[in-house]
Amino acid sequence: MPDVRLTVDRTPHVVPAGASVGDVLAGAGITAAIAVRANSEQLHDLSWVPEDGDRLESVPMATPEGRAILRHSTAHVLAQAVTDLFAGAKFAIGPPVENGFYYDFDVERPFTPDDVEAIERRMIEIIKAGQSFARRRVDPDEARGLFADQPYKLEIIDRATAGAVEGEETVDAAGPDITVYDNVGSKGGRAAAGVAPGLAFTDLCRGPHLPSTRQIPAFRLMRTAGAYWRGDEKNRMLQRIYGTAWESKEALAVHLRMLAEAERRDHRRLGAELDLFSFPTEIGGGLAVWHPKGGAVRRAMEDYSRAAHERAGYEFVVTPHIARSTLFETSGHLQWYADGMYPPMELEGATYYPKPMNCPGHILIYKSRGRSYRDLPLRLFEFGTVYRYEKSGVLHGLTRARGFTQDDSHIFCTPEQLAGELTSLLAFVIGLLRDFGLTDFEAELATRPERYVGEPAQWAEGEAALRVALEASGLAYVVAAGEGAFYAPKIDVHIRDAIGRRWQLSTLQVDLQEPGRFDMEYQAADNTRRRPYMIHRALFGSVERFFAILLEHYAGALPAWLAPVQVTMIPIAERHVPYLRGVAEQLRERGVRVEVDDSAERMQKKIRNAQRQKVPFMLIAGDDDETAGAISFRYRSGEERRGVPVDEAVSEVAEEIASRRLVPLAVTAGATHE
RNA sequence: GCCGGAGUAGCUCAGUGGUAGAGCAAUCGCCUCGUAAGCGAUAGGUCGCGAGUUCAAUCCUCGCCUCCGGCUCCA
């Protein structure tokens, strides 16, 4: 038999023909791999037999691809457990997802928490039994026979054999056949576990998979949920079970801790704990009220944003919250966006709608008089509150609300100015986000969607201008094909927060519709009338959403310049209150948000309260301080500094706030309780 | 909207077919204190809303309301 020459992780190897990847890796001393990538393309199981000249890269479990294989294999175990326990269960799809996997089932009744526990126990049995995942190639008819009682699988087979529909990668790349995976119980498996040797389960699957269920180191079922078949609400709702799986028990524990941390940081929870905002049911879902402390933070954010926009050459405008239907007919919102709008109000023969966007109002300001090229670029800015109908099930605190305020601008410019405006705008966006302490950015260039208005040539032009701006910014970006708004290609800026979650914030859009719909024009230098270009942009996205993201990013411990209460004054005994009031007055004169805690509590309790409210500075005074004309700091970190002269302390606090430093002074280590 | 889960004091939660309890918060009193909870007392509930079953419902049944998780990643 001729030998086969391969490279494995860039090292040449010669193996006998017919050797499987598992044999090859074992020979090469690579033990951690659970699959390989061949020739930088397809992933393969360890049972796959490579051909002469193949370049193999081993895929360890503790990599994104390795975890996806692990999770996908765990999903199969889940499906087997469900079919074992629920006779007649139909199973649909079970892919790996970020941080886990799911599997969708069609069952008689939804799963109860007890069911999930039983399923999890059954999965542990299957894992301990050490079933192998055996790949098998079948022709479509054979596949239909195997899954004769599985309508969802039959549908998948039909779609696969009908050709790669909608770009789906449904057929194994090597040929027209379908592949299935058999779970085969090994003799070494525990008979006591009740999983007999022999064929235990078969699923339609592209693979690859782990060699054996025993190689699933750690998993947990997380929750159940309803999910429409193929994600379409016209289809039957299936019962989905979500789970997670990791390369080690430790990795699972780290993941669970991250989830607990995310829950601890949830802005809805912090909003109540820190008395920032609430959603009174009397007002309605998705409509927040801002309490004084939340209002203070919001004002600090808005004031800073206003000042930045002023420096960047924006002009400030205000437009009403409702407008006649005719305005939204002209803008196209009623034709294209009616599903997202609040219903109309009739009065005096006219129909009014709450505005879902601010652009039409700003366009009318542009059109209020004739415009010259000398007016351009015209940058109009407004904290514009908009109302959008969101289905009740999708509301989520401040991040998905029905009423919210955009830091919205529309820039009207000449075609020649477009690329330059976009470039400087992108730099402006990043600068502003950095000032709020966000550092990890990713951009997306979202191109023409399936459902769009305008001419493809215009879209191409807009996309090209956005691309120029992205290239000039040096920002890493990916193209999100077909993700543009119906009226505009756009750049979306995403950030990653302190615990690694990704959020979409800013959006920059080149509007291809409105200037024409509103018949906008300006007089050019050559005395001709031309149509301006229009850029929509919101940097926070929405003030509410940005606020929520910051709150979660900082886990409620906002930088001093944003903190709702910047200083809490704490007397050692009640007799020190007047002295503290005097110091508080000096701080207030410097613009500091300060409270004097004159409650009947003991000093220790006051410190605890201020600490729980995440106040950046506590200023404490007792007899020693008062006699010396001094005061003592306790920082949010728990560090303290005693006997600081009052003048010095006031300056330190005021300067710390003015600096907009992101971490309060003297905070070095995380000496945090709770 | 759809599927599931949950609604008991301001908050976090316990509880039972015989009309309810804890901790924190609140109010009052005592204590006057040097860096994360001093002590005591008081007050606070139509057990989400409506109907049904029952001698009796916060508890069981049905409907509604609100909130939470999911409905995007494609064998």
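Residue numbers begin at 1 in each chain, while the letters A, B, ... track the order of the sequences.
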Quiz item: What distance, rounded to whole Å, do you find between the two P atoms, one in B/U66 and one in B/A56?
Solution: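 Rounded to whole Å, the distance is 32 Å.
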Practice problem: Could you tell me whether A/M603 contacts a base, only the sugar-phosphate backbone, or nothing, with contacts defined as non-hydrogen atoms closer than 4.0 Å? | Solution: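 Answer is sugar-phosphate: A/M603 comes under 4.0 Å of backbone atoms only.
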Quiz item: Rounded to whole angstrom units, what separation is found between the CD1 atom of A/I178 and the C1' atom of B/C74?
Solution: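 Atom-to-atom, A/I178 to B/C74, this comes out as 14 Å.
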Taking the side chain of [X] as heavy atoms from C-beta outward, which of [options] is closest to it?
X: A/V97; options: B/C2, B/C73, B/G69; answer: B/C73
X: A/A225; options: B/G38, B/C71, B/G69; answer: B/G69
X: A/Q604; options: B/A36, B/G1, B/C71; answer: B/A36
X: A/I572; options: B/C68, B/C3, B/C33; answer: B/C33
X: A/M237; options: B/G38, B/C3, B/A36; answer: B/C3
X: A/R608; options: B/U66, B/A37, B/G70; answer: B/A37
X: A/T281; options: B/A36, B/U66, B/A26; answer: B/U66
X: A/E233; options: B/G69, B/U35, B/G1; answer: B/G1
X: A/R268; options: B/G69, B/C3, B/G34; answer: B/G69

Quiz item: Centre of A/W246's six-membered ring, under 6.0 Å away, within 45 degrees of the axis: is that where NZ or CZ of A/R220 sits?
Solution: no
Check whether any side-chain nitrogen or oxygen of [X] sits under 4.0 Å from OP1 or OP2 of [N], and answer yes or no.
X: A/H396; N: B/G69; value: yes
X: A/R602; N: B/C33; value: no
X: A/R575; N: B/C33; value: yes
X: A/R634; N: B/A36; value: yes
X: A/Y228; N: B/U72; value: no
X: A/Y242; N: B/C71; value: yes
X: A/K605; N: B/A25; value: yes

Quiz item: When only distance counts, do a donor and an acceptor, one from the side chain of A/D625 and one from the base of B/G34, lie under 3.5 Å apart?
Solution: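 Answer yes: a donor N or O sits under 3.5 Å from an acceptor.
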Quiz item: Do the side chain of A/T224 and the base of B/G70 come within less than 3.5 angstrom through a donor-acceptor pair of N or O atoms?
Solution: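 When only heavy-atom distances are counted, A/T224 does not reach the base of B/G70 through any donor-acceptor pair under 3.5 Å.
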Practice problem: For the residue pair A/H267 and A/L398, establish whether any side-chain heavy-atom pair is separated by less than 4.5 Å. | Solution: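 When only atoms from C-beta onward are counted, A/L398 and A/H267 do touch, with a gap below 4.5 Å.
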Exercise. Could I get the full list of side-chain contact (heavy atoms from CB on, under 4.5 Å) partners for A/D497, not counting sequence neighbours?
Key: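 A/D497: side-chain contact (heavy atoms from CB on, under 4.5 Å) contacts with A/I495, A/I499, A/R501, A/W503, A/H553.
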